[in-house]
Amino acid sequence: MAVVSPPPSRSIPLSRSASPATSSPCSPSISSSMVCSSKSRRGSRLRIVSGFGIKLRSSPDPEEGGNASLEYLSRGHVVGSVGEKEDERWIGGDGGRRMRRKRRVAVMCSAGLEGIGGRSRELAREEGFVIPERAKLVSLVAMAMCLCNADRVVMSVAIVPLASRYGWSSSVLGIVQSSFLWGYLVSSIVGGALADRYGGKRVLACGVALWSVATFLTPWAADHSTAMLLAVRALFGLAEGVAFPSMSTLLFRWFPGHERATAVAISMAGFHLGNVISFLVSPIILSRVGVNGSFAFFASLGFIWLSSWVFGITNDPRDSPRISQAELHLIRAGKTDSKMEACTLPSVRHLLSRTPSWAVMLANVANNWGYFVLLSWMPVYFKTVYNVNLKQAAWFSAVPWGVMALSGYIAGASSDFLIKSSCSVTQVRKLMQSIGFIGPGVSLLCLKYAQTPTAAAVLMTIALSLSSFSQAGYFLNIQDIAPKYAGFLHGITNSAGTLAAIISTIGTGYFVQWLGSFQAFLTLTAVVYFSTTVFYNLYATAEQVFF
């Protein structure tokens with residue numbers, strides 16, 4: 001508790017502690033105009049200037065050494081007080097007399113406002129509740145991730161009529177599906193480095209603009225030639241490769257540690273909902289407008305998003321003109337990093353010199369291997385194995401991704417709850433990652449026993465919903481071990497995961513063409529999940545490794 005004595009006047013101010021240089025990062029910001037008091041015969045009169053609660057507390061009998069004080073309340077919790085206190089002392093010997101001295105004191109708690117009444121409720125201002133700036137940011141990030149995945153899935157749906165029109169075999173179809181990963185492989189590392197150096201806002205904005213253009217040009221390229229289509233899809237992947245590193249950098253800067261898993265879960269929920277929206281909307285647009293209409297529709301949404309992003313978001317919360325001091329203190333609590341736009345990036349060799357980096361990299365490889373197999377081949381799987389039409393295949397394909405969005409949020413909220421309950425962060429990361437790999441592996445092995453498309457959809461739903469627990473595992477683990485270089489390290493691990501996705505997407509096509517069955521490759525995918533789980537539990541840590 002820091003005690004300051006205001007000047008003897010009729011106005012008793014509540015103010016910040018001594019100076020910004022010496023104040024705690026979590027100390028509250030209390031305006032000096034909040035409370036005034038004036039003396040009267042019977043005690044203190046209060047004038048409440050702001051909407052915060054004030055309580056007068058006094059002893060029953062001031063003559064017995066009592067004191068009167070004003071307490072600054074937030075949702076019933078005392079965070080500061082101001083009032084009068086009486087000191088008494090004896091002067092002289094046996095015949096001395098007692099003197100009573102009265103002085104005013106202002107007392108402020110150093111704990112700040114962030115833990116009181118929930119993380120967002122303390123952000124109410126004089127005019128009423130105001131949406132926290134970090135909530136606006138994570139909403140726009142979730143929308144960008146939704147568009148990122150929706151634009152991918154348009155091709156997964158449109159490839160069925162395109163393959164019929166151009167006579168593509170299963171192997172050619174796999175190459176077309178994987179072509180966007182070629183550019184994605186390169187830009188993940190570059191995008192991560194740029195996001196760490198210049199901020200995620202600009203990098204993500206450029207990425208959305210470029211991939212929206214590429215989405216619009218996709219049907220034109222297909223009509224021109226297969227080579228042109230592959231080039232445009234590679235450009236599309238080049239632009240999308242910056243999305244995850246930019247998201248990782250922005251969320252690390254805008255959210256405190258105990259909210260970060262939930263923020264990632266919300267952003268990834270948008271990513272998974274992009275699958276649902278595109279799987280359901282694309283067949284409708286295809287049937288009514290044609291292939292060109294579906295690509296043009298989703299490309300236009302990207303430019304609409306840009307208009308809100310460019311003028312509403314900053315790279316760092318300290319640069320935001322609209323953020324409150326209470327929210328800024330909450331975000332900055334426990335962070336000692338300076339602004340990182342000008343940081344010097346370490347070498348790739350240095351980042352890969354520690355086993356925790358390999359743990360998150362191999363986890364990314366296994367996650368992308370399974371994820372892109374299901375993302376790229378699910379409509380074809382239902383059409384080939386169960387002979388359902390395109391609209392039915394879209395429904396069967398969309399439901400698992402919708403459940404995945406919900407389960408991802410549950411995973412993030414559960415992870416934050418366990419960490420706030422004093423569980424080891426390392427053990428929480430390993431638990432979430434184990435669920436995220438063992439669950440999908442078992443579900444894919446059970447697919448060979450599915451006799452109906454409904455049973456297959458249920459098993460795929462279980463596989464994808466449990467795989468979303470990886471978001472609270474290796475995905476956040478990158479920020480744990482390298483907070484200053486989270487974007488760069490994420491780009492490196494994501495490039496390795498992208499290479500695995502290219503192999504698995506093309507490999508599925510060749511396996512189906514050679515063996516006439518999807519199950520062999522799904523079994524291989526389950527083995528990848530299980531082996532990676534063992535490695536991750538042996539070598540992963542949530543301690544900071546790179547400083």
Side-chain angles (χ1 to χ4, degrees), residues 142-168 170 172-173 176-177 179-180 208-226 228-230 232-233 235-237 239-240 270-308 374-405 453-454 456-457 460-461:
M143 292 178 190
M145 302 309 293
C146 179
L147 290 173
C148 178
N149 222 14
D151 289 352
R152 297 182 193 180
V153 174
V154 176
M155 190 62 179
S156 296
V157 176
I159 202 166
V160 176
L162 287 175
S164 177
R165 180 188 302 176
Y166 300 114
W168 293 335
S170 295
V172 174
L173 192 147
V176 172
Q177 287 279 58
S179 57
F180 97 94
V208 173
L210 187 57
W211 87 53
S212 297
V213 171
T215 300
F216 183 79
L217 294 177
T218 297
W220 167 83
D223 286 338
H224 188 273
S225 68
T226 303
M228 182 65 71
L229 174 62
L230 296 178
V232 170
R233 296 300 292 173
L235 177 65
F236 173 78
E240 287 213 339
F271 185 74
H272 302 316
L273 286 175
N275 286 332
V276 178
I277 294 170
S278 195
F279 271 130
L280 297 180
V281 173
S282 294
I284 297 174
I285 300 176
L286 280 170
S287 62
R288 297 187 179 183
V289 183
V291 173
N292 291 20
S294 58
F295 286 97
F297 172 75
F298 284 100
S300 64
L301 294 180
F303 293 107
I304 295 174
W305 175 88
L306 277 170
S307 63
S308 299
L374 297 178
L375 175 66
S376 302
W377 287 95
M378 201 176 289
V380 180
Y381 172 83
F382 281 108
K383 179 139 183 15
T384 303
V385 177
Y386 299 105
N387 197 30
V388 298
N389 62 41
L390 185 60
K391 288 186 179 180
Q392 288 176 314
W395 271 103
F396 283 121
S397 302
V399 171
W401 302 110
V403 178
M404 190 179 185
T454 302
M460 286 193 175
T461 299

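Values in this document were obtained by computation on a predicted structure and should not be read as measured data. Values below: every heavy atom of this structure, side chains too, minus hydrogens, waters and symmetry copies.
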- [ ] List for me each residue that meets side-chain contact (heavy atoms from CB on, under 4.5 Å) alongside T218, sequence neighbours excluded, and say none if there are none.
- [x] M155, L229, V232, R233, F295
Open item on the list: Which residues pass the side-chain contact (heavy atoms from CB on, under 4.5 Å) test with S300, not counting sequence neighbours?
Closed with: none
Task: Nearest-0.5 Å distance that lies between atom CG in N275 and atom CE in M404 - done: 8.0 Å
Task: Contact summary for A150 and S278, nearest pair of heavy atoms - done: O-OG, 2.9 Å
Open item on the list: For a quick test of reading the model, state the closest non-hydrogen atom pair linking V157 to P283 and the distance between them.
Closed with: CG1-CG, 3.9 Å
- [ ] Supply the atom-to-atom distance F297 CZ to L286 CG, rounded to the nearest 0.5 angstrom.
- [x] 12.5 Å
Task: Minimum-distance pair of heavy atoms, taken over all atoms of A209 and L306 - done: CB-CD1, 3.7 Å
Open item on the list: Nearest 0.5 angstrom please: L217 CG to N292 CG, how far?
Closed with: 11.0 Å
Task: ring-ring contact (aromatic ring centres under 6.0 Å, His included) partners for Y166, two or more places apart - done: W168
Open item on the list: Quick one: does any side-chain atom of N149 pair with a main-chain N or O of H272 as donor and acceptor, under 3.5 Å?
Closed with: no
TODO: Specify the closest pair of heavy atoms between W220 and M228, including all atoms of both residues, with the distance to one decimal.
DONE: CZ3-CG, 4.1 Å
- [ ] In sequence, state the C-alpha distance, the side-chain angles, and the governing distance for M143 and V208, and then conclude on side chain to side chain contact (heavy atoms under 4.5 Å, CB included).
- [x] CA-CA 11 Å; M143 292 178 190; V208 173; over 6 Å; no
- [ ] Check A144 against W211 and note the closest heavy-atom contact, atom names and distance.
- [x] O-CZ2, 3.8 Å
Open item on the list: Just verifying a value: how many Å separate L230 CG and L235 CG, rounded to the nearest 0.5 Å?
Closed with: 13.0 Å
- [ ] Look up atom CG in L273 and atom CE in M145, then write down how far apart they are to the nearest 0.5 Å.
- [x] 12.0 Å
Open item on the list: Return the OG to CZ distance between S212 and F216, rounded to the nearest 0.5 Å.
Closed with: 11.5 Å
Task: Minimum heavy-atom distance between I277 and C146, given as atom pair plus value - done: CD1-SG, 3.8 Å
